[in-house]
Trainee: 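The structure under discussion is supplied below as structure tokens; questions concerning it will follow.
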2 protein chains.
Amino acid sequence: MKATIRSVAKLAGVAPSTVSHYLNQTAPLSAATAKNVEQAIAALNYRVNLGARNLRLRKTNSIGVVIPNITSPFFGEIAAVMENKLWERGFQTLLCISERSPERELSQVAHLVSRQVDGILLVYCSQKSRVAETLKNISVPIVFVDRRVPDQYSICTDNFLGGRLAARHLATLGHRVIGLLCGEPSVENVAERIEGFKLELQRFGLEVPEAYRAKGRQDLQLGLRITDLLQLEPRPTAIFATNDIVAIGAWRKLVESGFRIPRDISIMGFDDIAISRFLVPPLTTVAQPYREIGGKAVEMLVDLVQAGETATPAEKSVILAPTLKVRGSTAPLKKGGVDGKAIDGRLPERTKAVSPPKSKRPTSKGASRPLKS
Amino acid sequence: MKATIRSVAKLAGVAPSTVSHYLNQTAPLSAATAKNVEQAIAALNYRVNLGARNLRLRKTNSIGVVIPNITSPFFGEIAAVMENKLWERGFQTLLCISERSPERELSQVAHLVSRQVDGILLVYCSQKSRVAETLKNISVPIVFVDRRVPDQYSICTDNFLGGRLAARHLATLGHRVIGLLCGEPSVENVAERIEGFKLELQRFGLEVPEAYRAKGRQDLQLGLRITDLLQLEPRPTAIFATNDIVAIGAWRKLVESGFRIPRDISIMGFDDIAISRFLVPPLTTVAQPYREIGGKAVEMLVDLVQAGETATPAEKSVILAPTLKVRGSTAPLKKGGVDGKAIDGRLPERTKAVSPPKSKRPTSKGASRPLKS
DNA sequence: AACCACATTGAAATCGCTTTCATCGTTGAA
DNA sequence: TTCAACGATGAAAGCGATTTCAATGTGGTT
């Protein structure tokens, strides 16, 4: 039978309240009793029952974390940062993986509330509207992570800016025919990256025709779809993938097909996950401020929890700027291409696969010619 | 103010116990009262306070998971599998990341016990002895994951066998001069892989001299240390890294230095993490049965929790067999080398870096010549 | 009419802890 | 000597649930 505060008290010959006072230093004890209690605790190997304490205190010192998954490097990193920060601040992390299932996510949030968590860190996968609606009558403070939610506590990278940085980089290098590997646009973050990318491209008088975009769930598999883009005429000289994982998937096909990066084709990603630096050449990418995202989210939430009703911070929705990491996988376009006609149209020498551009040329004259300046 | 069972009872005009009966279907209610209660619950948006229930029931339906980190693909995968399985089984996961700190690990376990978790899944980073000792007087069921602990509930890959598989593969391909990139041997899993590797190699009359081993913490950085091995004479024709991450780190240096894999050098890893399949060529590796490890661990623990004192399963320590995944990064030795002399000693053509073998030849004559058959 | 069985409902104890506030010496000052 | 002040301790209430068991009402039997 587990030791309780009562059993300790009995052994020490004092009242339970005295033991409690000893534990919490909430009243001065004579040296003698203190010693007695101490010994009794040691003898029984007593540990306070936090469940009971929490019930009494109406505070659990625990925070629920709901996240689509933790195996993807990006989310994994975020989750790790948050757990660490929470532990430092004295909070226990209740981890919930939604596996991108809105139903599951919702029931997890409900469950966490039932468990009386002091707050919730949520990387939602549902539609924004739905989340907002169901969370309306929840009394627990919530901070949205990696999601932009106006008027709510939220913290997120400026994906739009990230998209622009990518576009500017590629355009500045002289690329005119650019392919896109993008996640589902229903994911807001992806949509914003694309949006930013397109917008900045326009400034250079460029665009990415529909045919030059491969869409799908953001994972390694999606990267493989790059083969579709490679068959296009003119062939893209640069690829922007909406995250690094996708870029790495594409990388594989590229190298297998005999392309040399960046000589034959430039490629860049988004996120800056750990392995990206370790590719050869290392992957150019738009880096998200992982630590800041996770760290700030926790701080925000903890402040919220500790503030109680009082003192609401000024800015609720924080947006962090990403940074461009120029590395080896992108290079200036060889012998400046003009007029939307790709030079160097031939496949690179050691090419194996990638069926050679069949006679079916795209009808659109100059599919990606510069827009009206 | 949050709704309690009492407030619901009052609104419904019944006693709290009746509401409880309604919630838990522990007594039959007349249709009328049931409806009343139901409406009151809906009206107040009442959700049971699991903290209070748990206190009363002396069961929290929560499991503590302590793991060195979740950002490494291997642990991340395991953690994800466990969380999923636990959620399915109705348990909340309390995640604790020890960050490879034994102190932290211990205090986390203690904390979890204080929180009255029903059980603990532990991937310990302390020394085995120390863990065993401090956990001796803990009353909560524990299952050790990815660690072999005789006489305790534990589940682990057969690392020794894994090492042997790797050695046999490389030896069979004809490699005679083999380099090792190994994690710290103080980590038992690593030690066992090495042990198995050495043993199997001996069967082929081979050995790996001390100079051909680079040691360090198992991460991307360690892989870079392969440069040390490349300067050896004779140069190794194959590399075994004790996990995939390390192999990938080495991969980078290798390719940067102009080596072609597997033409110029073979390399293999351990774990079979997701990206390994996506390298070009894909990485040969010894695959750990992730899902089985995580899944079985959860099942074992849940059984333990639910069995209570009764019925202890026969086998406490489960060992799972890894499988060899032969992929593209290993190949037969070109023109069989004999006598411990590496043929093809020259650097591959397009070599850039890797300072050429300076005149200082290793004194040991035939450092890795075949052992007595 | 008296009695009993059965179906509902609720009073009260309890889980393990915190916290208020009263109590009970002691002690120093008047 | 008396009293106020103080330091140390403990009795009891309460956090929000569950669960036992008694109480109540109903209807069917004899």
Side-chain angles (χ1 to χ4, degrees), chain A residues 1-38 40-41 44-62 111-118 139-140 308, chain B residues 1-38 40-41 44-62 92 111-118 139-140:
Chain A
M1 192 82 293
K2 240 172 207 169
T4 72
I5 201 174
R6 219 180 321 263
S7 60
V8 171
K10 192 181 296 177
L11 181 58
V14 298
S17 51
T18 304
V19 178
S20 176
H21 284 136
Y22 170 83
L23 289 171
N24 305 304
Q25 310 197 25
T26 166
L29 295 194
S30 72
T33 36
K35 189 166 190 179
N36 275 347
V37 172
E38 190 178 333
I41 287 178
L44 296 176
N45 191 26
Y46 168 76
R47 315 223 86 235
V48 61
N49 178 329
L50 288 177
R53 169 182 288 176
N54 292 339
L55 175 58
R56 181 63 230 246
L57 264 34
R58 292 131 140 251
K59 179 153 192 326
T60 58
N61 285 301
S62 65
H111 192 88
L112 289 173
V113 173
S114 242
R115 275 197 188 271
Q116 314 293 115
V117 292
D118 296 331
S139 52
V140 175
Chain B
M1 190 85 290
K2 239 172 207 168
T4 71
I5 200 173
R6 215 174 330 259
S7 60
V8 172
K10 192 181 296 177
L11 181 57
V14 299
S17 49
T18 304
V19 178
S20 176
H21 284 136
Y22 170 83
L23 289 172
N24 305 302
Q25 310 197 23
T26 166
L29 296 194
S30 72
T33 36
K35 190 166 189 177
N36 275 346
V37 173
E38 190 178 333
I41 287 178
L44 296 176
N45 192 24
Y46 168 76
R47 312 224 87 234
V48 62
N49 178 329
L50 288 178
R53 169 182 287 176
N54 292 339
L55 174 59
R56 181 63 229 249
L57 263 35
R58 296 134 133 236
K59 178 150 191 329
T60 60
N61 285 300
S62 65
Q92 174 72 55
H111 193 88
L112 289 173
V113 172
S114 243
R115 273 195 190 271
Q116 314 293 114
V117 292
D118 297 331
S139 52
V140 175

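If you're wondering where the values come from, they're calculated on a predicted model, not measured in any experiment. These values consider heavy atoms only, across backbone and side chains, with no hydrogens, waters or symmetry-generated copies. Labels below follow one simple rule: chain letters A, B, ... track the order of the sequence lines, proteins then strands, and each chain is numbered from 1.
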Trainee: Measure the shortest side-chain to side-chain distance between A:V140 and A:L112 over non-hydrogen atoms and say whether it is less than 4.5 angstrom.
Mentor: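 Result no, sub-4.5 Å side-chain heavy-atom pair not found.
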
Trainee: Which whole-number value in Å describes the distance from B:N36 CG to C:dG10 P?
Mentor: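 Result: 10 Å.
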
Trainee: Of the candidate nucleotides D:dG10, D:dC15, D:dT18, which contains the atom at the shortest distance from the side chain of B:I5?
Mentor: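 Selected nucleotide: D:dT18.
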
Trainee: When the nearest nucleotide of DNA chain C is assigned to B:H21 and to B:R58 on a heavy-atom basis, which residue is associated with the more 5' position?
Mentor: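 First, find each residue's nearest nucleotide; the 5'-ward one identifies B:H21.
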
Trainee: B:R47 CZ to D:dA17 P: how many Å, rounded?
Mentor: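 Those two atoms, CZ and P, are 12 Å apart.
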
Trainee: Determine the minimum heavy-atom distance between B:N54 and B:K59, stating which atoms define it.
Mentor: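 Scanning both residues completely, I find the closest heavy atoms to be OD1-O, 2.9 Å.
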
Trainee: Just so I know, are the side chains of B:H21 and B:V37 near enough to count as touching, which here means a heavy-atom distance under 4.5 Å?
Mentor: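 No, every pair of side-chain atoms sits at 4.5 Å or beyond.
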
Trainee: For the backbone of B:V48 and the side chain of A:S114, can you confirm whether one donor and one acceptor N or O come within less than 3.5 Å of each other?
Mentor: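 Yes; judged by distance alone, with no hydrogens or angles, the pair exists.
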
Trainee: Touch check for A:V19, heavy atoms < 4.0 angstrom, all strands: base, sugar-phosphate only, or nothing?
Mentor: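 Answer is nothing: A:V19 stays at 4.0 Å or more from every strand.
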
Trainee: Rounded to the Å, how far apart are B:L44 CG and D:dG16 P?
Mentor: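 Computing the B:L44:CG to D:dG16:P distance gives 14 Å.
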
Trainee: Of all the heavy-atom pairs spanning A:A40 and A:V8, show the shortest one and how long it is.
Mentor: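 Taking every non-hydrogen atom into account, CB-O, 3.7 Å.
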
Trainee: Figure out the CG/P separation between B:N54 and C:dC17, and round it to whole Å.
Mentor: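 After rounding, the gap between these two atoms is 15 Å.
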
Trainee: Considering every strand and a 4.0 Å limit on heavy-atom distances, what is the contact class for A:L57: base, sugar-phosphate, or nothing?
Mentor: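 Sugar-phosphate, backbone atoms only, no base.
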
Trainee: Counting just side-chain N and O atoms, does A:T18 come under 4.0 Å of either OP1 or OP2 of D:dG10?
Mentor: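 Checking D:dG10 against A:T18, a side-chain N or O does come within under 4.0 Å of OP1 or OP2.
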
Trainee: Between B:A15 and A:G51, name the one whose nearest nucleotide on DNA chain C is closer to the 5' end.
Mentor: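 On the 5' side of the pair lies B:A15.
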
Trainee: So A:T33, base contact, sugar-phosphate only, or nothing? Heavy-atom distance under 4.0 Å.
Mentor: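 Sugar-phosphate, no base atom in range.
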
Trainee: Using OP1 and OP2 only, check whether a side-chain N or O of B:S20 sits under 4.0 Å from D:dT18.
Mentor: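 Checking B:S20 against D:dT18: at least one side-chain N or O falls below 4.0 Å of OP1 or OP2.
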
Trainee: Reckon A:S17 has a side-chain N or O less than 4.0 Å from the OP1 or OP2 of D:dA12?
Mentor: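 Checking A:S17 against D:dA12: no side-chain N or O falls below 4.0 Å of OP1 or OP2.
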
Trainee: Hey, does B:S30 reach any base, or is it just sugar-phosphate, or nothing, if we go heavy atoms under 4.0 Å?
Mentor: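 If one applies the 4.0 Å heavy-atom cut-off, B:S30 turns out to touch the sugar-phosphate alone, with no base involved.
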
Trainee: Look at B:Y22 and C:dT8 and indicate whether a side-chain polar atom (N or O) is within less than 4.0 Å of OP1 or OP2.
Mentor: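 So the side chain of B:Y22 is outside the cut-off, no N or O lying under 4.0 Å from OP1 or OP2 of C:dT8.
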
Trainee: Which nucleotide sits closest to the side chain of A:A27: D:dT18, C:dC17, D:dT9?
Mentor: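 Shortest atom-to-atom distance from the side chain points to D:dT9.
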
Trainee: Once hydrogens and angles are ignored, does a donor-acceptor distance under 3.5 Å link the base of C:dT14 to the side chain of B:R56?
Mentor: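 Pair found.
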
Trainee: Are the side chains of B:Y22 and B:V14 in touch, meaning some heavy atoms are under 4.5 Å apart?
Mentor: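 No, too far: nothing below the 4.5 Å cut-off.
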
Trainee: What's the CD-C1' distance between B:Q25 and C:dT9, to the nearest Å?
Mentor: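 For the pair B:Q25 CD and C:dT9 C1', the rounded distance is 17 Å.
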
Trainee: Would you mind reading off the distance between A:L23 atom CG and C:dC17 atom P, rounded to a whole angstrom?
Mentor: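 In whole Å, C:dC17 P lies 9 Å from A:L23 CG.
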
Trainee: To the nearest Å, how far apart are B:N24 CG and D:dT20 C1'?
Mentor: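 For the pair B:N24 CG and D:dT20 C1', the rounded distance is 14 Å.
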
Trainee: To the nearest Å, give me how far apart CZ (A:R6) and P (D:dG10) are.
Mentor: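 One finds 14 Å between P of D:dG10 and CZ of A:R6, rounded.
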
Trainee: Any base atoms under 4.0 Å from B:L29, or only sugar-phosphate, or nothing? Heavy atoms, all strands.
Mentor: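 Sugar-phosphate only.
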
